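Heads up, the thing below is written out as structure tokens.
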Amino acid sequence: MKQIVVHQEKCTACRECELACSFSHENIFSPTLSRIRIADFYEEQFYQPMVCVHCADAPCAAVCPTVAIQRQTDGQIKVLDDRCIGCKMCLLACPFGVMGFSPEKGVAHNCDFCDGDPQCVQFCTPGALEFKDVVAIEALAKQKAAAALGLPKA
Amino acid sequence: MPTRYVLIGNSAAALEAIRGIRKHDREGAITVINREEGPAYSRVALPYYVAGEMTLNDLLIRQRPDYGSLGASLVEKENVTAIDAAGKKVMLASGKKVEFDKLLIGTGSETIKPPIQGLDQVPHHYLWTLDDAIGMKKAAEKAQTAVVIGGGFIGMLAAEALRKLKIKLTIVEMAPILLPQLLDEGAGKLFLQAVRDEGVTVRTDALVSALAKKGDAIEVTLKDGTTFTVDMAVVATGVKPHVQCVSNGAVTVNKGIVVNEYLASNHPDIYAAGDVAETKDFLSADRSIYAIWPTAVEQGRAAGANMAGAKQVYPGGLGMNVVELFNVTLAQLGRFREGAGDDVKMLNQGGDGLYRKVVVDKNGTLVGAVYLGNENGAAEMGVIHSAIKRREKWQGFQDGRPPVFTYASVMHRVPRY
Ligand SMILES: Cc1cc2nc3c(=O)[nH]c(=O)nc-3n(C[C@H](O)[C@H](O)[C@H](O)COP(=O)(O)OP(=O)(O)OC[C@H]3O[C@@H](n4cnc5c(N)ncnc54)[C@H](O)[C@@H]3O)c2cc1C
Ligand code: SF4
Ligand code: SF4
């Protein structure tokens with residue numbers, strides 16, 4: 001599947017991605033509504049883009065009490081707006097803190113790859129974000145990372 | 001011969017058990033027995049039905065064909081009255097018997113009936129089953145005022161649903177704060193104020209001693225002698241494990257069905273999961289029951305896998321709740337009220353309507369958190385949740401950075417406010 005690949009060492013915390021994401025989905029420049037967020041450690045000059053990794057055995061989907069979170073054929077984990085009741089259990093289940101919430105729509109939201117053309121990637125000048133077919137080995141590395149975080153193995 | 005799996009219950013625990021079983025066994029025959037009619041619905045969504053935001057159809061989380069496609073058959077409207085552990089059979093109210101090789105008891109909770117004088121003589125509503133919700137919605141259509149007896153989780157969800165229907169509410173709670181199982185005193189006070197600011201009458205430190213019919217209305221009497229009348233009464237004074245079908249001693253029952261780290265009872269072929277199961281606790285040496293959806297899912301999945309021969313260890317129950325009520329988002333994790341030796345990190349004290357508290361034990365390990373604020377903080381609680389599960393140390397506020405790189409410390413640096 002295609003995924004957003006993060007090259008942490010290239011991130012400068014310019015936060016263009018946050019604005020691009022919120023504008024393209026929500027029509028407003030609001031970092032709190034962005035589905036990608038930058039964790040910044042300014043003193044250590046360490047900036048970590050945080051975005052949904054579409055977990056192999058997604059804790060958000062497992063916990064959703066209305067089956068609103070479903071894996072799509074392209075592999076992405078998607079929130080179905082018309083099934084979501086806004087209970088936020090998925091926000092409490094995501095170990096990366098990347099399930100967000102839109103108070104206006106009353107539904108949860110995660111990265112949806114912008115229908116195949118992620119805007120965060122488009123606007124990431126330093127090239128810290130890439131949207132590409134992850135080869136099996138990378139996907140596996142991600143799964144391992146998730147497992148190391150105590151998530152169930154797929 | 002393929003294994004015969006029998007699951008009692010058709011909700012979070014049993015549904016996840018089907019998945020757990022199928023991960024390890026594609027052949028076995030699965031029979032799901034439920035006393036209710038129809039495919040599974042979501043209990044968590046019931047308040048939205050009461051409030052008129054969802055239809056009965058919206059509540060469904062399975063359709064009938066879903067069972068078949070997983071190789072499971074659904075037996076509807078059959079109450080399991082007893083279990084013959086030695087003969088490995090379950091007895092149904094209709095007189096039928098169903099044999100099993102592996103059994104899961106996922107019978108959930110039942111509501112507790114409070115000792116209120118006259119309760120049986122006046123119409124009143126619980127909120128646990130679909131039938132309860134249908135009854136409550138009907139009554140709410142005709143009501144202008146209501147009393148909610150019990151300001152816990154379910155009581156507050158009922159209150160929120162009725163408020164959306166513009167019903168004038170009085171909430172009566174025994175504790176000094178609302179949601180005492182979810183909030184500490186600090187957050188509790190803030191929440192109480194938020195509810196009162198919405199024009200709701202809240203009586204804390206109060207008990208309803210009697211209910212009586214007064215024409216079409218209901219007269220409520222509190223222990224201190226106060227009386228008032230309302231159009232409808234909601235009773236939400238807690239739930240307890242629904243253990244009737246094993247009251248003959250088929251398996252060991254303490255508060256709930258006592259299970260080991262594999263979710264098996266004292267009978268090796270009988271498992272229990274969800275609200276009915278009493279498991280080990282994640283944070284202490286105690287045994288615990290957290291009647292919440294996520295635990296039912298986790299336990300159901302592990303129990304199913306183990307019934308099918310896996311050896312999946314369940315790490316123990318951990319309390320977690322998140323809810324939006326009266327325009328405030330509340331969340332709680334683990335040991336949110338500090339015990340002896342615990343240390344508290346107050347990240348926000350409640351000014352600007354934001355309250356963030358983290359509890360760490362004497363070793364500096366994260367054990368709990370409380371959050372009150374807007375929806376943005378819930379994701380952070382998710383990160384703390386997984387950090388607690390990994391028994392991580394709290395890094396966010398130690399002097400002498402740089403901190404060890406953990407997701408908990410990352411989150412502390414994601415500006416969400
Ligand atoms: C209104 C409401 C809102 C809630 N909101 C939340 C929330 O926001 N977050 C949260 O974490 N939790 C919430 N909960 C709690 C959550 O729904 C439960 O913890 C969860 O449903 C437990 O799942 P379970 O499978 O263990 O049991 P249950 O969901 O109680 O299911 C038990 C099943 O067993 C069947 N059954 C019982 N006895 C028998 C018998 N003798 N024979 C045959 N069948 C039987 C029942 O019909 C049912 O299908 C809420 C509950 C309610 C009522
Ligand atoms: S748990 Fe978080 S990272 Fe994993 S799929 Fe869900 S939202 Fe994405
Ligand atoms: S907020 Fe929506 S998507 Fe998330 S768990 Fe609740 S119903 Fe499911």
Side-chain angles (χ1 to χ4, degrees), chain A residues 8 13 15 18 30-50 57 59-68 82-104 106 108 110 146 148-154, chain B residues 12 15-16 19 42-45 47-48 53-54 58-62 292-294 296-298 301-302 312 315 320-324 327 329 331-333 374-387 389-392 401-403 405 407-417:
Chain A
Q8 180 275 322
R15 301 183 185 277
E18 294 182 347
S30 164
T32 52
L33 287 174
S34 172
R35 297 150 195 234
I36 182 165
R37 299 304 307 273
I38 306 303
D40 54 65
F41 292 76
Y42 285 114
E43 293 131 68
E44 297 84 22
Q45 301 196 3
F46 188 94
Y47 314 116
Q48 174 73 54
M50 307 276 288
D57 201 353
C60 59
V63 84
C64 174
T66 61
V67 223
D82 57 345
R83 287 210 62 90
C84 174
I85 55 172
C87 73
K88 306 184 189 70
M89 272 194 223
C90 53
L91 278 77
L92 226 65
C94 173
F96 307 105
V98 294
M99 185 59 89
F101 194 82
S102 159
E104 202 155 294
N110 64 328
L149 281 170
L151 308 176
K153 278 189 211 89
Chain B
L15 294 172
E16 279 309 309
R19 289 194 198 185
S42 180
R43 226 175 265 308
V44 177
Y48 300 83
E53 293 173 355
M54 288 174 98
D58 292 337
L59 295 174
L60 297 180
I61 50 175
R62 293 292 186 276
I292 51 174
W293 188 273
V297 166
E298 255 176 33
R301 201 177 265 208
Q312 211 164 299
M320 62 174 275
N321 274 293
V322 58
V323 66
E324 187 182 325
N327 308 318
T329 297
Q332 160 267 324
L333 293 167
N374 63 16
E375 61 289 333
N376 293 329
E380 176 186 71
M381 289 291 275
V383 178
I384 296 174
H385 177 212
S386 80
K389 280 190 161 171
R390 281 174 280 124
R391 302 192 193 278
E392 261 194 44
R401 289 177 156 279
F405 187 79
Y407 277 99
S409 58
V410 165
M411 275 312 290
H412 162 55
R413 287 306 188 90
V414 179
R416 279 184 181 267
Y417 310 99

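All values derive from a computational prediction rather than experimental measurement. Letters A, B, ... mirror the listed sequences (proteins, then strands); counts begin at 1. No hydrogens, no waters, no symmetry mates; every other heavy atom, side chains included, goes into these values.
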So which part of [X] gets closer than 4.5 Å to some heavy atom of chain A, the side chain, the backbone, both or neither?
| X | value |
| --- | --- |
| B:Arg43 | neither |
| B:Val297 | side chain |
| B:Glu16 | side chain |
| B:Leu60 | backbone |
| B:Ala12 | neither |

Check against salt bridge (Lys or Arg N to Asp or Glu O under 4.0 Å), B:Glu375 and A:Lys88: CA-CA 8 Å; B:Glu375 61 289 333; A:Lys88 306 184 189 70; over 6 Å; no
Among A:Thr32, A:Leu91, A:Leu33, which one satisfies side-chain contact (heavy atoms from CB on, under 4.5 Å) with B:Asn376? A:Thr32
Non-hydrogen atoms of A:Leu92 and B:Ala378 that approach each other most closely: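 Taking every non-hydrogen atom into account, CD1-O, 3.7 Å.
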Quick one: does A:Gln8's side chain have a donor or acceptor within less than 3.5 Å of a partner on A:Tyr47's backbone? yes
Are the side chain of B:Ser42 and the backbone N or O of B:Ile61 linked by a donor-acceptor pair below 3.5 Å? no
Under 4.5 Å from any heavy atom of chain B - which part of A:Cys60: neither
